[in-house]
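One-based numbering, in listed order, for ligands and for the atoms of each. When reading the values below, keep in mind they use all heavy atoms of this one structure, side chains included, and skip hydrogens, waters and symmetry mates.
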Amino acid sequence: MINNRNLVLLTLFLWAGLLPSISRAEDGYRLWLRYDRIIDPQLLQQYRAAIHDLYFNTTSATLHAASDELTTGLSGLLGQPVEEIHSESAAINEGALLVGTPASSAPIARLHWDSALTPLGKEGFLIRHYTLDGQHGIAIVANTDVGVLYGAFHFLRLLQTHQSLRSLDITSIPALQYRVLDHWDNLNRTVERGYAGLSIFDWWTLPLYKDSRYTDYARANASVGINGSVLNSVNASPIILTPAWLSKAAALADIFRPYGIRVYLSVNFSSPMSIGGLPTADPLDPAVQAWWKKKVDEIYSYIPDFGGFLVKANSEGQPGPQNYGRSHADGANALADALAPHHGIVIWRAFVYSGSSEDRVKQAYDEFKPLDGKFRDNVLLQVKNGPLDFQPREPFSPLFGAVPKMPLMLEVQITQEYLGFSNHLVYLAPLFEECLNADTYAKGKGTPVSATITGMAGVANIGNDINWCGHPFAQANWYAFGRLAWCATSPTDRSAAIADEWIRQTFSNNPGIVDTLKKMMLASREIAVDYMTPLGLAHIMGYSHHYGPAPWYDKASRADWNPVYFHRADSAGLGFDRTVTGSNALEQYAPGARTLWADKKDCPDNAVLWWHHVGWNDRLHSGRTLWEELCHKYYTGVDSVRWMQKCWDALQPRGIDAERWQQVKMLLGIQQQDAVWWRNACLLYFQTFSRQPLPAGAEQPDHTLAYYENLQLYYAPGTANSGIPQTTNP
Ligand code: BDP
């Protein structure tokens with residue numbers, strides 16, 4: 001019963017925001033776009049003085065989006081309403097924030113910044129101080145409306161990360177033309193390799209029901225410069241090209257368009273047969289070509305700025321031109337010819353391998369290198385960062401720099417298929433950056449992967465979980481993908497700066513928190529490598545679902561789906577000889593790159609088992625033998641996860657909200673348990689070959705090897721099956 005005293009208490013609780021079920025908790029939905037009021041009084045004063053009103057002339061949906069974001073964001077951050085003034089009709093006040101293009105805003109045209117604007121192209125922006133009619137202020141200016149939108153998000157980022165506005169002179173131009181999220185979302189809403197719930201695209205209620213989440217998705221993407229979205233899985237259902245589904249895709253395209261995001265679709269190469277009723281999908285058959293042309297024309301009637309097709313062909317059971325004795329170029333060109341009149345592109349994936357006896361990591365290069373120059377101009381080849389498959393660490397793919405006549409997309413995996421799903425805290429920017437910065441030596445020393453690409457695609461880690469990505473820190477990987485794609489060619493070591501800005505926007509600007517979280521994030525990728533696949537090991541995860549260790553697994557129907565194929569442990573040693581004495585995959589790299597790995601003695605420890613079969617007693621650069629180093633790495637991995645746990649525990653009283661703190665604490669608990677599992681299982685297994693003891697005095701495995709070998713994981717998320725071994729998609 002509520003008596004007077006209880007009522008007073010209840011009011012007090014509500015006032016103090018202490019009633020968790022009633023007050024809005026920090027659920028992670030707002031991502032890095034939180035816009036909470038700035039607490040530091042001096043900073044608040046500086047910002048309030050610098051920004052009075054917003055001068056805007058919202059002549060397009062994109063400018064509307066920019067102005068909405070700025071009014072909401074600035075009002076939130078400054079803790080007072082920021083008024084939007086129609087920039088055509090008003091005189092400029094001191095502290096006016098001018099936003100727009102010379103075409104949309106008369107005051108901006110009067111700034112005469114033409115020479116600074118020219119190099120910005122279609123997406124770049126300027127943020128600078130101006131003096132106009134004797135008044136001073138800041139202007140966000142671009143050639144295009146979408147450039148203005150990117151500038152608006154950047155400006156908000158400056159405030160969210162507590163940057164000084166005193167001497168702003170920012171010119172920002174994206175390094176890569178295509179910055180695309182690839183959703184592996186199925187039309188039934190399951191997400192292949194997705195660990196954050198169901199697909200955010202609710203195909204069943206589209207096109208009429210437009211979930212507000214679609215707009216928030218577009219805002220988040222635009223805030224980091226992502227300009228494309230492939231809506232459906234590369235293992236594509238032909239149904240996506242039927243009219244009913246095209247109208248659903250069109251509804252999404254309409255929502256994304258103001259945010260500069262073009263929609264792309266993954267297509268199934270057999271579509272002319274399965275939904276077109278043709279007897280063949282042979283790309284050189286005129287009826288097939290006519291079918292694609294008609295279909296593409298139809299798509300553009302739904303989505304006038306449709307981006308194009310993403311195609312997985314002749315890979316892991318998907319149909320493709322080779323079914324008809326045709327080449328990848330023949331297949332891609334048939335689609336490219338249909339798209340060309342509409343300025344659409346084909347993104348053809350290089351992730352191909354067959355169960356041949358050739359080293360799996362050599363196959364994509366061998367198939368595509370001879371085809372360089374045979375593709376139409378509107379075909380891009382999409383190459384995964386490494387030659388195998390999104391491992392915690394692999395060398396860059398030898399295709400980068402090797403097909404100079406083809407524009408390339410670098411494909412990275414944001415979703416953590418091989419990195420502990422959304423259970424493990426692993427900040428992936430260092431992994432992405434390691435690839436971007438790797439020297440291909442394609443045109444002599446100093447030709448990094450970033451200089452060989454036109455775009456970047458990231459396999460999304462987004463689902464309908466309230467916090468979008470499952471793990472609160474997995475959001476950082478979505479964020480970092482966009483930011484890296486925007487500035488791919490700028491100086492190295494962007495990972496730390498990107499982590500810094502993400503933490504400030506997502507958690508806190510408190511220097512202690514920023515420092516601790518940054519240390520954890522920057523160490524986390526190497527930590528995962530240590531407890532999963534140290535020293536160049538790869539693909540020793542559980543069969544099919546890829547969670548947890550299974551280095552012993554050898555039951556798959558194809559050799560190159562088995563972990564034993566990849567690690568090649570025997571009584572002499574461990575590792576895959578890919579040098580001239582082995583598969584010679586090394587030969588696919590430019591001579592300069594080869595020298596890094598060719599000699600077992602010089603090869604960096606972190607890649608040595610990828611390239612060499614190393615004797616158990618051989619000494620590595622660390623001074624330890626292989627066996628000692630393997631033990632050292634697995635033990636360090638576990639210890640480092642425990643270090644992350646300590647860092648996190650120490651934060652609680654210092655300003656992390658209770659909800660996310662608790663979530664991360666629990667997830668770190670899983671990560672610790674999994675790291676121990678990895679260490680014990682792998683060391684016990686490899687010990688059967690090395691026949692050497694585990695380090696004296698170290699924590700000993702609490703189970704036998706047989707126990708680990710018999711563990712069965714049922715219903716692991718992200719796989720189409722229930723965990724019962726299947727014969728495809730290892
Ligand atoms: C592998 C995934 C599989 C994907 C494939 C691909 O296990 O689910 O279909 O990549 O990229 O990593 O096509």
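Pro551 is not listed as a side-chain neighbour of Phe566, based on a closest heavy-atom distance of 4.5 Å or more.
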Solution key, residues 394-414 side-chain donor-acceptor pairs under 3.5 Å, sequence neighbours excluded:
{"unit_1": "Glu394", "atom_1": "OE1", "unit_2": "Leu388", "atom_2": "N", "d": "2.6"}
{"unit_1": "Glu394", "atom_1": "OE2", "unit_2": "Asp389", "atom_2": "N", "d": "2.8"}
{"unit_1": "Glu394", "atom_1": "OE2", "unit_2": "Phe390", "atom_2": "N", "d": "3.0"}
{"unit_1": "Glu394", "atom_1": "OE2", "unit_2": "Gln391", "atom_2": "N", "d": "3.1"}
{"unit_1": "Ser397", "atom_1": "OG", "unit_2": "Leu399", "atom_2": "N", "d": "3.1"}
{"unit_1": "Glu411", "atom_1": "OE1", "unit_2": "Arg349", "atom_2": "NE", "d": "3.1"}
{"unit_1": "Glu411", "atom_1": "OE1", "unit_2": "Arg349", "atom_2": "NH2", "d": "3.4"}
{"unit_1": "Glu411", "atom_1": "OE1", "unit_2": "Gln382", "atom_2": "NE2", "d": "2.6"}
{"unit_1": "Glu411", "atom_1": "OE2", "unit_2": "Arg349", "atom_2": "NH2", "d": "2.7"}
{"unit_1": "Gln413", "atom_1": "NE2", "unit_2": "Glu417", "atom_2": "OE1", "d": "2.7"}

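The distance from ligand 1 to the heavy atoms of Phe351 drops below 4.0 Å at these ligand atoms: 5 (C), 6 (C), 10 (O), 11 (O), 13 (O). Remark: ligand 1 atoms within the under-4.0 Å shell around heavy atoms of Asp389 are 1 (C), 10 (O), 12 (O). For ligand 1, the atoms sitting less than 4.0 Å from at least one non-hydrogen atom of Lys312 are 4 (C), 5 (C), 6 (C), 9 (O), 13 (O), numbered in the order shown with element in parentheses. Contact atoms of ligand 1 toward His546: 7 (O) (distance under 4.0 Å to a heavy atom of the residue). Per-residue contacts place Glu417 under 4.0 angstrom from the following atoms of ligand 1 (heavy atoms of the residue considered): 1 (C), 2 (C), 7 (O), 12 (O). Each of the atoms 1 (C), 5 (C), 6 (C), 10 (O), 11 (O), 12 (O) of ligand 1 lies under 4.0 Å from some heavy atom of Lys384.
Every heavy atom of Gln318 sits 4.0 Å or more from the atoms of ligand 1.
Applying the salt bridge (Lys or Arg N to Asp or Glu O under 4.0 Å) definition to pairs two or more places apart or across chains, those involving residues 526-547 are Arg393-Glu526, Asp530-Lys633.
In this structure, His613 has its ring center at least 6.0 angstrom away from the ring center of Phe576. Within the 6.0 Å centre-distance limit, the rings of Trp468 and Trp478 are counted as a close aromatic pair. Taking the six-membered ring wherever Trp is involved, the centroid distance between the rings of His545 and Tyr714 does not fall below 6.0 Å. Aromatic pair His539/Tyr565: centroids not less than 6.0 angstrom apart. Side-chain rings of Phe309 and Phe306 approach one another, their centers coming within less than 6.0 Å.
Under 4.0 angstrom from ligand 1, there are no non-hydrogen atoms of Gln413. Residue contacts with ligand 1 for Asn235 involve side-chain atoms from C-beta outward but no N, CA, C or O (heavy atoms, distance under 4.0 Å).
Between Glu411 and ligand 1, not a single N/O pair is under 3.5 Å apart. The shortest N or O to N or O distance between Trp184 and ligand 1 is not under 3.5 Å.
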